[in-house]
Amino acid sequence: MKRYVRRQVMRAAYRTDLHRPLDPNLAVYGAYWNRGVACNPAAIHAKARELAPHIRGVWAVSSRHRDRMPPGVPYVIEGSRPYWRAMATATYLVNNSSFPGGFTKRPGQRYLQTHHGTPLKTMGLDQRAYPALARKADFAKILAHVGQWDFSLSANPHSTEVWDRVYPGSYQRLDLGYPRNDVYSTATAEDIAKIRAELGIHADQTALLYAPTHRDYREGFVPDLDPEHLARELGPKYAVLVRAHYFYGRSAGIGGTPTGRVRDVTAHPRVEELCLAADALITDYSSLAFDYACLDRPIVVHAPDWDIYRSTRGTYFDLLSGRPGDTPGAVTATSDELVEVFRTGEWCSPASAALRTAFRERFCPYDDGHAAERVVRRFFGVPFALRGR
């Protein structure tokens, strides 16, 4: 009862704040349903502090994730009085998902939807064709949310085509690339060496990042490979980093490992740093593959449940087809096949490199290290004349 009363009081105060003037210099950022500073909004916030220092950025964060906030970064707790005041009066709103709890978008507010991945699996209204997904989705709510957007960011032409269809609205398309991927073009060798050292990766080790996505038909994190078996079979020259999907919390649940060469990096605050540290990516249907392709490093698709995944979730193209542009590298379906891909060198073969090149050309055309600047200048209206050089 106390929680209900408090929520009603907050909503009443919010309705009052909706009559306050908009603050022309206030921006509210959110990522992954208020899980903290991450993804495209984080890169946009950082670049805005550089190019538009008059804009005060505040992050919306849920109370259970407040410990993720870096020191010195302003934030408001979801559902609190400061949260609703910020949502009511900010001129700029930036999110890669949505602001939980609902809000009334006012005339004069500008909402940038950055999204958080290139779509392989079906999204938005396309999920209506899959009963298991449709039962869980509120499509009227999805359309109402889309109706709030002023801008929709795309990482590539494929994404633009999908967003236009599955999220129909009057927003403006921003075909500018993903700001979160800028670091793949700007990180130095020294930066990468520092990240690897912090993760405990030796200079002579090959680091493999295993980052599977979640399954709608499964409960909890159930990896499709045994990372300890992989590390043991490949030997001490390899280190395996395991990154569970954020839906499963902050741990992959693998605990301590006998070889000491398997590390659970699920709680690491920046997946981009994990990508920079890794010499190769092992994934399945995760959108991380599209980002990692920016690095032009080997990608291995380990997909033992491809048929069931396609039938229950739906996909926009055949990731396992082997066709240039669809498949980013070597493909495996069993643990033994995965081990052999690395033992034989297929993971970094000329054939795999050719597939990766075609994949990168299709999905990373805007990733040149300057996406954040383009987005900040477009969204906040910062002219290039203020560049200062």
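- Residues meeting the side chain to side chain contact (heavy atoms under 4.5 Å, CB included) test with Arg374, sequence neighbours left out: Leu176, Tyr366, Asp368, His370, Ala371.
- Residue pairs meeting the salt bridge (Lys or Arg N to Asp or Glu O under 4.0 Å) criterion with at least one partner in residues 47-60, sequence neighbours excluded, are Asp23-Arg56, Lys47-Glu50.
- In this view, Pro82 and Val76, Ser80 satisfy the side chain to side chain contact (heavy atoms under 4.5 Å, CB included) rule, not counting sequence neighbours.
- Listed by first then second residue, pairs satisfying ring pair (Phe, Tyr, Trp, His ring centres under 6.0 Å) with a partner in residues 117-136 number zero, not counting sequence neighbours.
- Partners of Arg343 according to the side chain to side chain contact (heavy atoms under 4.5 Å, CB included) rule, which considers only residues two or more places apart in sequence or in another chain, are Glu233, Leu234, Val339, Glu340.
- For residues 289-299, the set of pairs meeting the side-chain hydrogen bond (donor to acceptor under 3.5 Å, both in side chains) definition, not counting sequence neighbours, comprises Arg180-Asp291, Asn181-Asp291, Asp296-Arg356, Asp296-Arg360.
- Pairs of residues two or more places apart, or lying in two chains, that qualify as salt bridge (Lys or Arg N to Asp or Glu O under 4.0 Å) and include a residue from residues 149-172 are Lys105-Asp150, Asp126-Arg165, Asp164-Arg173.
- With sequence neighbours left out, the ring-ring contact (aromatic ring centres under 6.0 Å, His included) criterion links Phe359 to Phe290, Phe363.
- Ser352 is linked by a side chain to side chain donor-acceptor pair (under 3.5 Å) to Ser349, counting only residues two or more places apart in sequence or in another chain.
- Between Glu373 and Arg377 there is a salt bridge, since a side-chain N of the basic residue sits under 4.0 Å from a carboxylate O of the acidic one.
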- Query: Going through the checks in order, is the side chain to side chain donor-acceptor pair (under 3.5 Å) test met by Asp336 and Thr334?
  - Reply: CA-CA 5 Å; Asp336 289 342; Thr334 69; 5.4 Å; no
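- Tyr92 pairs by the ring-ring contact (aromatic ring centres under 6.0 Å, His included) definition with Phe379, Phe380, not counting sequence neighbours.
- Partners of Tyr178 under the ring-ring contact (aromatic ring centres under 6.0 Å, His included) rule, at least two apart in sequence or in another chain, do not exist in this structure.
- The aromatic rings of His116 and Tyr32 sit perpendicular, their planes meeting at an angle over 60°, well past the 30° parallel limit.
- Residues passing the ring-ring contact (aromatic ring centres under 6.0 Å, His included) test with Trp84 are Tyr14, sequence neighbours excluded.
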